[in-house]
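Worksheet for the structure shown next.
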Amino acid sequence: MRKKEDFYEDNFYEDGEEIDLMDLVFTLLRRWKLIGLVALPIFGMGVFFALTRPTVYKTDMTMMISSGRNFNASSLDGGELSVNQKLATTYAEIAKSNAILKNVIKKYDLETTLKTLQNEVSIAPVKDTELLQLTYKNSDPALAAAVTNEIGNEFMLKVREVMNFQNIKVVEAAEIPREVLPKRRGAILIISLILSGMTGCMVAFIVEFFFCKLRKPKDIEKILGASMLGMVPDFKFSLVDGGKNEQ
């Protein structure tokens with residue numbers, strides 16, 4: 001059976017990189033309770049968040065932007081297309097303006113703030129096209145479709161008021177969605193598990209860094225600046241039996 005001093009000689013007098021790796025492993029093993037105390041609450045919050053994810057529906061409305069001139073497909077050149085694409089980018093900001101969203105909130109008596117609605121509404125030009133896609137998410141599918149169409153209508157009225165002509169056409173109105181958005185509970189649980197483990201290990205290493213007690217022979221050598229000659233084993237001596245039970 002190997003003695004305790006043999007363990008120290010084999011494990012603490014090898015290559016420096018191996019010692020550092022073993023130190024990390026031993027630190028994690030020593031601090032497993034601390035790691036668990038830190039990781040469990042974080043993972044518990046992740047589980048709670050995953051289980052309480054609300055049911056959300058998403059609706060889309062597609063509109064086409066033109067410069068206001070009358071044209072047909074054969075007369076549409078690259079310059080006209082470029083102008084229309086720039087208009088789509090500009091109109092994307094108008095559609096989320098305070099004036100438009102305030103009217104929508106008032107009409108449907110939405111229990112939300114203007115800032116929240118701005119975050120829930122997404123409008124952006126479709127790449128390399130004249131199309132503008134308006135997206136809105138809500139837990140009520142019918143309300144989601146109604147709000148999306150209303151924002152689109154208010155947007156077209158606002159553009160007509162500002163530009164004095166109608167250059168936006170609805171390509172596809174929003175319909176009541178039937179499928180909910182994926183809740184991604186598995187991904188949330190995996191991320192929370194990884195995050196909780198990393199946080200627990202980080203706290204353990206920080207505590208270990210400020211731990212001032214001596215554990216290994218090399219700690220004593222660093223302080224004294226001298227090599228260790230040997231190890232004194234632990235033993236017990238009893239005066240009753242004359243040292244027969246010495247260990």
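The basis for the numbers below is simple: all heavy atoms, side chains too, and nothing from hydrogens, waters or symmetry mates. In this chain, residues are counted from 1 in sequence order.
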**OP:** Look up atom CG in N149 and atom CG in N153, then write down how far apart they are to the nearest 0.5 Å.
**Re:** 6.5 Å
Subject >> Flag side-chain contact, heavy atom, 4.5 Å: F155 against M63 >> reply: yes
Original post:
How many angstroms lie between atom CD1 of I100 and atom CG of L157, to the nearest 0.5 angstrom?
Top reply: 9.0 Å
**OP:** For D60 and T135, indicate whether the former's side chain and the latter's backbone hold a donor-acceptor pair under 3.5 Å.
**Re:** no
Original post:
Do you see a donor-acceptor pair shorter than 3.5 Å between the side chains of T148 and T59?
Top reply: yes
**OP:** Could you tell me which non-hydrogen atom of S192 sits nearest to which non-hydrogen atom of G46, and how far apart they are?
**Re:** CB-CA, 3.7 Å
Subject >> Side-chain H-bond candidate by donor/acceptor type, S196 with T199, under 3.5 Å >> reply: no
Subject >> Verify same cluster id: L114, V121 (apolar side-chain graph, 4.5 Å) >> reply: yes
Subject >> Minimum side-chain heavy-atom gap L132-T62 below 4.5 Å >> reply: no
**OP:** Write down the atom of I188, the atom of A50, and the distance for their closest heavy-atom approach.
**Re:** CG2-CB, 3.9 Å
Subject >> I176 side chain near P141 side chain, heavy-atom distance below 4.5 Å >> reply: yes
Original post:
Roughly how far apart are L34 CG and L28 CG, rounded to 0.5 Å?
Top reply: 10.5 Å
Subject >> Side-chain heavy atoms of K137 within contact of K58, under 4.5 Å >> reply: yes
Original post:
Side-chain heavy atoms under 4.5 angstrom apart, residues restricted to Ile, Leu, Val, Met, Phe, Trp, Tyr: same cluster for I206 and M198?
Top reply: no
Original post:
Should V147 and M156 be counted in the same cluster of Ile, Leu, Val, Met, Phe, Trp and Tyr side chains packed under 4.5 Å apart?
Top reply: yes
Original post:
Are L195 and L189 linked, directly or through other ILVMFWY residues, by side chains that come within less than 4.5 angstrom of each other?
Top reply: no
**OP:** Determine whether the side chains of N103 and E150 contain a donor N or O and an acceptor N or O closer than 3.5 Å.
**Re:** no
Original post:
Is the backbone of F48 close enough, under 3.5 Å, to the side chain of T52 for a donor and an acceptor to pair up by distance?
Top reply: yes
**OP:** Answer yes or no: does atom NZ of K183 have more than 12 heavy-atom neighbours from other residues, nucleotides or ligands under 6.0 Å?
**Re:** yes
Original post:
Are any of the side-chain heavy atoms of F43 and V47 separated by less than 4.5 Å?
Top reply: yes
**OP:** State, to 0.1 Å, how close Y108 and L143 come at their nearest heavy-atom pair, and which atoms those are.
**Re:** CD2-CD1, 4.1 Å
Subject >> Atom pair CD/CD of E161 and E154 - distance to nearest 0.5 Å >> reply: 10.5 Å
Subject >> Gap between atom CG of L40 and atom CE of M45 - 0.5 Å precision >> reply: 11.0 Å
Subject >> For the student: nearest non-hydrogen atoms of R53 and R185, plus distance >> reply: O-NH2, 4.2 Å
Original post:
What is the minimum heavy-atom distance between P177 and Y57, and which atoms define it?
Top reply: CG-CB, 3.5 Å
Original post:
At what distance, to the nearest 0.5 angstrom, does CD1 of I123 lie from CG of L134?
Top reply: 5.0 Å
Original post:
Quick check: are there more than 12 heavy atoms from other residues, nucleotides or ligands sitting under 6.0 Å from CD of Q118?
Top reply: yes
**OP:** List the atom of A204, the atom of R31, and the distance in Å for their closest heavy-atom pair.
**Re:** CB-CB, 3.7 Å
Subject >> Heavy-atom check, side chain of I35 versus side chain of V203, under 4.5 Å >> reply: no
**OP:** Would you indicate whether R184, at its atom CZ, is surrounded by more than 12 heavy atoms from other residues, nucleotides or ligands within a distance under 6.0 Å?
**Re:** no
